[in-house]
Amino acid sequence: MITSIKHALSASAEAEIEIAGWIRSRRDSKGFSFVEVNDGSCLRNLQVVVDQEVPGYEQALHATTGSSVRVAGRLIASPAAGQKWELRATNLEIIGHADASYPLQKKGHTVEFLRTIAHLRTRSNLFGAVFRVRSRLAYAVHQFFQERDFVYVQTPIITASDCEGAGELFRVTTLKQGTDKAGEPDFFGKATYLTVSGQLEAETFACALSKVYTFGPTFRAENSNTSRHAAEFWMIEPEMAFCDLRGDMELAEEFVKAMVRHALEHCADELGLFTKFVDKTLMETLTLVAERPFQRVPYADAISILNASGRNFEYPVTDGQSLQSEHERFLAEEHFRVPVILFDQPAQAKPFYMRVNDDGKTVAAMDVLVPGIGEIIGGSQREERLNVLQENMRSRGLSEEEYWWYLDLRRFGTVPHAGFGLGFERLLMFLTGVSNIRDVIPFARTPGNAEF
RNA sequence: UCCUGAGUAGCUCAGUGGUAGAGCGGUCGGCUGUUAACCGAUUGGUCGUAGGUUCGAAUCCUACCUCAGGAGCCA
């Protein structure tokens, strides 16, 4: 029976235990050796003391960083400073050697280098911590919605609808390039793609189960080379019937705050590491976000604030157009210094399904802008009026036949409804302070890169 | 895709026209209840790739590749 190091380190009494993990470092003394073992169950290592008479001692002396090891012994209070418990080995077995070419050192590596060894980087403190937080937060996402009676919907990954406006699509086909016979039908009998959003399908469920959410992989074929875009990422999309934009914004704020609080409460060691090595202001920022209300700003007010700022922006502030990144950053990072919810944006820059406001010029859309990351959530109240939706589609040249089932929702018992999409990786970037999306997803898919 | 910057030892970097270096890592030895231990020795290079300029190029020029930061697209 193997005891996890997490459990061993939180022991309340001495015990005979057996642990297994990978050697992080070794310090030899005359007659005995200190071996630091980490099994990924927590950030901390367990210090193993191996006396020269212990079976396996000779092996241990030649075990380099990265070797896997199994140790039986007695967990005792450590006589030295630096750790509460240590394991006095009675038996040590090297399971698998790591030779001198093992690329991870005891000292810090750059994230850029670790990215080139994504199959090993999880053995570093930083990435172990990132992926433990990722796991914990995935759990928190489900907990948040389940506690509020949202129904979890697994929307399809292969889809024929492109959720207009969400981005470029990856084509899914069984036709072989250059060899397909003319007129041969494709697998689904129509063009299909990897989903860019589960929203349209989620809407059908919301119009039956009232409150639903999706949490799954999403694909965008854009040639984006930035620190916050990936071709494959995980998105969380709640959708609520009988809900307007205000309710949508309330949920968004409540959700982000709940995730921050969950991380603060359950990932304290990891957040401590991030604060020490990644972003010194992380704890401060997270505490602030958990406590202070988000700033809600109508688009029109945002334009006024930007114009009155006296700031010389690289791109001019133009009423009626989407804000530039620098504008959003100014609002979230300098003007308000808290997450900002920008809402009621110009209709022309937004997709067909967003509800047209009474002014006829803006739509009930909202973006949550977070300091350091930018847009973390994009959402809207959906257009529930059949004739208005049809008009929106016509003006954008969309075919009603393609969306017949989507329009049916407005034909049969239509209701006001709203929802949003939240990028799980962007949430993790915000919670960990890690500034590149490639470092919060196990194996990043970006243009030109699908290694591992 | 566009703009900017960077590619030198396994890693982090110095070297800016004249004999390729340091620290860390690895190896060997010493020392020590050690804490990213310490001390000594040692190992380690197609200077991103291909051309060009020059008596001579890691260094200057051109192209390409890769990576990073920023922009657009968005989550």
Exercise. What pairs of residues pass the salt bridge (charged side-chain N to carboxylate O under 4.0 Å, His left out) test when at least one of them lies in residues 119-138 of chain A, not counting sequence neighbours?
Worked result: Arg121(A)-Asp439(A), Arg132(A)-Glu270(A), Arg134(A)-Glu425(A)
Both distances under 3.5 Å, Watson-Crick or G-U wobble: report the partner of [N], or none.
{"N": "rG69(B)", "answer": "rC3(B)"}
{"N": "rU62(B)", "answer": "rA50(B)"}
{"N": "rA75(B)", "answer": "none"}

Problem set entry | Non-neighbouring partners of Ser41(A) that pass side-chain hydrogen bond (donor to acceptor under 3.5 Å, both in side chains), sequence neighbours left out | Asp39(A)
In whole Å, what separates the [atom1] atom of [N] from that of [M]?
{"N": "rA37(B)", "M": "rU46(B)", "atom1": "C1'", "result": "38 Å"}
{"N": "rA57(B)", "M": "rC73(B)", "atom1": "C1'", "result": "43 Å"}
{"N": "rG30(B)", "M": "rA20(B)", "atom1": "P", "result": "36 Å"}
{"N": "rC60(B)", "M": "rG15(B)", "atom1": "P", "result": "12 Å"}
{"N": "rC61(B)", "M": "rU54(B)", "atom1": "P", "result": "16 Å"}
{"N": "rG48(B)", "M": "rU66(B)", "atom1": "C1'", "result": "7 Å"}
{"N": "rC31(B)", "M": "rU19(B)", "atom1": "C1'", "result": "38 Å"}
{"N": "rC13(B)", "M": "rA58(B)", "atom1": "C1'", "result": "14 Å"}

Nearest whole Å is fine: how far is [N] [atom2] from [X] [atom1]?
{"X": "Glu237(A)", "N": "rC74(B)", "atom1": "CD", "atom2": "P", "answer": "15 Å"}
{"X": "Glu168(A)", "N": "rC74(B)", "atom1": "CD", "atom2": "C1'", "answer": "12 Å"}
{"X": "Leu273(A)", "N": "rA36(B)", "atom1": "CG", "atom2": "C1'", "answer": "13 Å"}
{"X": "Ile236(A)", "N": "rC74(B)", "atom1": "CD1", "atom2": "C1'", "answer": "16 Å"}
{"X": "Leu126(A)", "N": "rA36(B)", "atom1": "CG", "atom2": "C1'", "answer": "15 Å"}
{"X": "Glu333(A)", "N": "rG70(B)", "atom1": "CD", "atom2": "P", "answer": "11 Å"}
{"X": "Leu43(A)", "N": "rU35(B)", "atom1": "CG", "atom2": "C1'", "answer": "15 Å"}
{"X": "Leu323(A)", "N": "rC73(B)", "atom1": "CG", "atom2": "P", "answer": "11 Å"}

[X]: partners by ring-ring contact (aromatic ring centres under 6.0 Å, His included), with sequence neighbours left out:
{"X": "Phe215(A)", "value": "His142(A), Trp234(A), Phe424(A)"}
{"X": "His266(A)", "value": "His262(A)"}
{"X": "His119(A)", "value": "Phe452(A)"}
{"X": "Phe150(A)", "value": "Phe145(A)"}

For this session: Sugar-phosphate means primed atoms, P, OP1 and OP2; the rest is base. With that split, encode nucleotides 1-13 of chain B 5' to 3' as B, S or - using protein heavy atoms under 4.0 Å.
Result: B--------BSS-
For this session: Produce a footprint string for nucleotides 26-33 of chain B: one letter per nucleotide, 5' end first; B if the base is under 4.0 Å from any protein heavy atom, S if only the sugar-phosphate is, - if neither.
Result: SS---SBB
Exercise. Out of Thr214(A), Thr218(A), Leu422(A), Ile377(A), which residue meets the side-chain contact (heavy atoms from CB on, under 4.5 Å) rule with Ile236(A)?
Worked result: Leu422(A)
Using a 4.0 Å heavy-atom cut-off, does [X] contact any base of the nucleic acid, only the sugar-phosphate backbone, or nothing at all?
{"X": "Leu427(A)", "value": "nothing"}
{"X": "Arg115(A)", "value": "sugar-phosphate"}
{"X": "Tyr315(A)", "value": "sugar-phosphate"}

Exercise. Are Tyr193(A) and Phe170(A) close enough that their ring centers fall under 6.0 Å?
Worked result: no
Exercise. Where does rU16(B) land, syn or anti, given syn is within 90° of 0?
Worked result: syn
Exercise. Is a donor-acceptor contact shorter than 3.5 angstrom present between the side chain of Arg220(A) and the base of rA75(B)?
Worked result: yes
For this session: Determine whether any donor atom in the side chain of Arg426(A) lies under 3.5 Å from an acceptor atom in the base of rC74(B), or the reverse, and answer yes or no.
Result: yes
Exercise. For Leu61(A), which residues count as a side-chain contact (heavy atoms from CB on, under 4.5 Å) partner, sequence neighbours excluded?
Worked result: Asp28(A), Ser33(A), Tyr57(A), Glu58(A)
Exercise. More than 12 foreign heavy atoms under 6.0 Å from CD of Glu402(A): is that the case here?
Worked result: no
Every protein N/O lying under 3.5 Å from an N/O of nucleotides 45-50 of chain B:
none

Exercise. Taking only N and O in the side chain of Arg27(A), is any of them less than 4.0 Å away from OP1 or OP2 of rA37(B)?
Worked result: yes
For this session: Give a yes/no on whether any side-chain N or O of Asn436(A) is located under 4.0 angstrom from OP1 or OP2 of rG69(B).
Result: yes
For this session: For the pair Glu18(A) and Arg70(A), evaluate salt bridge (charged side-chain N to carboxylate O under 4.0 Å, His left out) and give the outcome as yes or no after the intermediate values.
Result: CA-CA 7 Å; Glu18(A) 190 170 4; Arg70(A) 186 172 175 137; 2.6 Å; yes
For this session: Provide the full list of side-chain hydrogen bond (donor to acceptor under 3.5 Å, both in side chains) pairs with a residue in residues 99-111 of chain A, sequence neighbours left out, each pair given once.
Result: Asp99(A)-Ser101(A)
Do any side-chain atoms of residues 338-349 of chain A form donor-acceptor pairs under 3.5 angstrom with protein atoms, and if so which ones, sequence neighbours left out?
unit_1: Asp344(A); atom_1: OD1; unit_2: Asn357(A); atom_2: ND2; d: 3.1
unit_1: Gln345(A); atom_1: NE2; unit_2: Asp367(A); atom_2: OD2; d: 2.9
unit_1: Gln348(A); atom_1: NE2; unit_2: Gly320(A); atom_2: O; d: 2.9

For this session: Check whether any side-chain heavy atom of Val50(A) sits under 4.5 Å from a side-chain heavy atom of Phe32(A), and report yes or no.
Result: no
